[in-house]
2 protein chains.
Amino acid sequence: MTGQSQELLTKPCAHDYKVNCGNCRLNSICLPLALERDDVEQLDEIVQRSKPIQKGRFLYHEGDEFQSVFAVRSGALKAFRTTDSGREQVTGFYFPGEILGMDGISNNLHASSAQALETTAVCEIPFNSLEKLSALMPSLQRHFFQIMSREITEDQQLITLLSKNSAEERVAALILSISSRNARRKLSATRFRLPMSRIDIGNYLGLTVETVSRVFSRMQKLEFLQVNNKEIEIKDIEGIRSLADIG
Amino acid sequence: MTGQSQELLTKPCAHDYKVNCGNCRLNSICLPLALERDDVEQLDEIVQRSKPIQKGRFLYHEGDEFQSVFAVRSGALKAFRTTDSGREQVTGFYFPGEILGMDGISNNLHASSAQALETTAVCEIPFNSLEKLSALMPSLQRHFFQIMSREITEDQQLITLLSKNSAEERVAALILSISSRNARRKLSATRFRLPMSRIDIGNYLGLTVETVSRVFSRMQKLEFLQVNNKEIEIKDIEGIRSLADIG
DNA sequence: GAAAAACCTTGATGTGTATCAAGGGGGCAT
DNA sequence: ATGCCCCCTTGATACACATCAAGGTTTTTC
């Protein structure tokens with residue numbers, strides 16, 4: 001109904017897989033952060049860009065041999081694991097500039113699956129090469145340690161959310177998280193399209209679809225939010241913050 | 001009532017802070033794993049051992065400047081973070097051989113607090129030195145990446161547990177986790193003392209104390225477990241596995 | 001472009017765990 | 001030892017969210 005994702009219309013990066021790390025507009029939030037010019041060029045050499053994957057396609061499956069981590073260049077993915085009883089648990093959503101796949105390092109097997117929520121382009125970073133380069137470039141090594149550490153703290157935030165917060169607080173927290181991640185990418189913090197289904201949201205937040213839907217309706221009634229299918233407009237971010245209770 | 005923790009009675013390691021990495025009996029599950037003899041000696045030089053901390057004392061507080069990660073040598077700790085509304089969330093329990101503090105790397109601030117659940121001795125590993133040594137020793141770098149990755153996958157397991165599992169399943173999963181971690185340390189997998197309170201267990205599992213207590217009672221009634229205050233004896237591990245539903 | 005499938009919303013009812021309440025027991029300090 | 005405090009257990013009640021149900025809408029498929 002409304003226009004395409006703004007990402008698609010920007011000039012560098014986006015789905016274009018000929019871009020390099022040096023001119024990628026995401027490099028301030030991706031791996032090259034804080035690297036010198038020559039360092040970026042070295043990193044650029046190990047990064048493999050491939051053509052976009054379609055919605056619903058997998059970047060990797062749980063149990064696959066781990067070889068690379070991935071940086072999202074455009075689009076969005078979800079990561080999920082399957083329990084022994086066959087239920088799925090969504091463990092994260094990944095937007096442009098974010099890194100995924102690090103959970104595969106410990107056992108050399110991917111601990112989760114990654115699936116595109118829309119047409120998505122990624123940079124593949126072979127882990128062996130990243131390790132070697134890290135040993136030579138202290139700032140890269142540090143940066144990668146930091147990225148892994150951030151994944152840990154974000155997982156811990158989700159643990160807290162699931163353990164202590166109501167349905168309303170959980171949904172509010174997710175909206176605020178997506179909003180601030182959009183802002184970091186210089187996109188609107190108040191109007192955006194949710195790339196994932198209500199099912200995925202519910203799964204991620206430990207709620208049923210029905211509950212998620214009801215919370216959206218309530219927030220709309222309170223005039224905190226304008227919801228139109230997957231299009232979201234935040235009308236009162238302070239109101240949502242007050243619901244979220246997580247500052 | 002029963003004897004002291006077996007840990008206290010073993011000869012090397014334990015609370016003895018003159019032990020070194022080379023002869024520490026935990027080194028097969030701690031950082032030195034897979035290091036060559038000389039490498040272990042180099043690691044040993046940066047590791048700082050101090051005298052044990054008492055029950056209730058903090059190893060670090062949330063918000064403290066991050067300088068080191070820690071390996072548990074004896075005893076046990078819990079890690080927790082405080083939400084803006086003042087509630088605590090226990091994010092993990094740490095036993096001998098396990099590493100904690102990695103959540104502080106991303107912002108140079110500890111993202112959680114660590115508190116001793118009983119008298120506890122740790123090895124402090126200054127992160128700057130660890131970084132430098134990692135750049136020189138590929139196997140150490142890899143091993144530390146793996147340890148961080150394992151923390152991520154364990155957090156994701158907890159996320160799944162909190163999101164999808166009943167009170168009974170959560171408690172069963174924790175008991176099995178502690179049991180297998182004991183086994184890894186060559187201690188009994190079926191008889192052990194829980195160092196943490198029911199309050200901590202409930203907090204970690206997203207349950208109230210009352211619910212945890214009721215689950216223990218039910219498991220005892222089913223003769224899966226013998227509970228005597230903090231002493232646990234697993235009578236039917238298959239029974240507990242069937243409750244846990246997480247293999 | 002029509003049919004099918006998947007997704008979303010809203011309402012009615014059920015249930016697992018929280019909350020409230022009260023009593024018992026263990027461990028620590030003095 | 002003794003007393004206090006914190007922890008643990010058990011029971012009664014309440015509630016938030018799950019489940020069941022049904023209809024509407026969007027997206028996919030052919």
Side-chain angles (χ1 to χ4, degrees), chain A residues 1-2 4-5 54-57 78 87-90 115-119 161-172 193-221 225-232 243 245, chain B residues 1-2 4-5 54-57 78 85 87-90 115-119 161-172 174 193-221 225-232 243 245:
Chain A
M1 283 296 154
T2 61
Q4 288 293 314
S5 159
Q54 292 305 115
K55 175 173 176 172
R57 289 304 180 84
K78 69 170 173 179
R87 284 174 295 189
E88 286 182 6
Q89 173 65 43
V90 174
Q115 191 176 20
L117 295 168
E118 57 194 36
T119 303
L161 201 65
L162 292 172
S163 175
K164 299 271 182 294
N165 293 91
S166 68
E168 223 136 74
E169 291 165 336
R170 295 184 207 181
V171 173
R193 185 172 187 286
L194 297 174
M196 70 295 278
S197 69
R198 300 285 192 275
I199 297 172
D200 290 332
I201 293 175
N203 191 316
Y204 177 71
L205 295 175
L207 302 169
T208 57
V209 201
E210 294 93 327
T211 300
V212 173
S213 184
R214 277 187 255 267
V215 170
F216 273 126
S217 300
R218 257 178 276 157
M219 286 182 169
Q220 188 157 262
K221 209 160 283 168
L225 218 59
Q226 182 73 33
V227 185
N228 187 343
N229 205 359
K230 304 209 162 176
E231 298 291 335
I232 294 278
L243 288 185
D245 172 53
Chain B
M1 283 295 153
T2 59
Q4 288 293 312
S5 159
Q54 294 304 117
K55 175 175 176 172
R57 289 304 180 84
K78 68 170 173 179
S85 54
R87 285 174 294 189
E88 286 182 4
Q89 172 65 43
V90 174
Q115 189 176 21
L117 295 167
E118 56 195 38
T119 303
L161 202 64
L162 292 172
S163 174
K164 300 271 181 294
N165 293 90
S166 68
E168 222 136 73
E169 290 165 337
R170 296 184 206 182
V171 174
L174 177 62
R193 186 173 185 283
L194 297 174
M196 71 294 280
S197 68
R198 299 285 192 273
I199 297 172
D200 289 332
I201 293 175
N203 191 315
Y204 177 70
L205 296 175
L207 302 169
T208 58
V209 201
E210 293 94 326
T211 300
V212 174
S213 184
R214 278 186 253 266
V215 171
F216 274 126
S217 299
R218 257 177 275 157
M219 285 182 171
Q220 188 157 273
K221 208 159 283 167
L225 219 57
Q226 182 75 30
V227 184
N228 189 343
N229 205 359
K230 304 209 162 178
E231 298 291 335
I232 293 280
L243 288 186
D245 172 53

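Computed from a prediction, not measured in an experiment: that's the story for all the values here. Chain letters run A, B, ... following the sequence lines, proteins first and then strands; every chain starts at 1.
- Atoms OG1 and NZ, on B:T119 and B:K55 in that order, are 9.0 Å from each other to the nearest 0.5 Å.
- Note: CD (B:E231) to C1' (C:dG27) measures 14 Å, nearest angstrom.
- Atom CG in B:N203 sits about 13 Å away from atom P in D:dC8, given to the nearest Å.
- Between A:N229 and B:S213, the residue whose closest nucleotide on DNA chain D is further toward the 5' end is B:S213.
- A:R193 has its CZ atom 10 Å from the P atom of C:dC8, to the nearest Å.
- Heavy-atom contacts from other residues, nucleotides or ligands closer than 6.0 Å to NZ of A:K230 number more than 12.
- Between B:E118 and B:P195, the shortest heavy-atom distance links the atoms OE1-CB, 3.2 Å.
- In this structure, A:K164 atom NZ and C:dT17 atom C1' are separated by 14 Å, rounded to whole Å.
- The A:I199 side chain lies nearest to C:dC7 when the options are C:dT9, C:dC7, D:dT9.
- Contact annotation: B:S197 side-chain N/O to D:dC6 OP1/OP2 distance is not under 4.0 Å.
- To the nearest angstrom, C1' of D:dC7 lies 14 Å from CG of B:L194.
- Within 4.0 Å of A:K230, counting heavy atoms only, lie sugar-phosphate atoms of the nucleic acid but no base atom.
- When every heavy atom of B:N203 is checked against every heavy atom of A:S163, the shortest pair comes out as O-OG, 3.6 Å.
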Give every pair of a protein N or O atom and an N or O atom of nucleotides 17-19 of chain D that lie under 3.5 Å apart, one pair per line with the distance.
unit_1 : atom_1 : unit_2 : atom_2 : d
D:dC17 : OP1    : A:A167 : N      : 2.7
D:dA18 : OP1    : A:G206 : O      : 3.4
D:dA18 : OP1    : A:T208 : N      : 3.4
D:dA18 : OP2    : A:T208 : N      : 3.4
D:dA18 : OP2    : A:T208 : OG1    : 3.0
D:dA18 : OP2    : A:T211 : OG1    : 2.4
D:dT19 : O4     : A:R214 : NH2    : 3.0

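- The closest side-chain heavy-atom distance from A:K164 to B:Q89 is below 4.5 Å.
- Residues A:R198 and A:V227 come closest through the heavy atom pair NH2-CG1, 3.5 Å.
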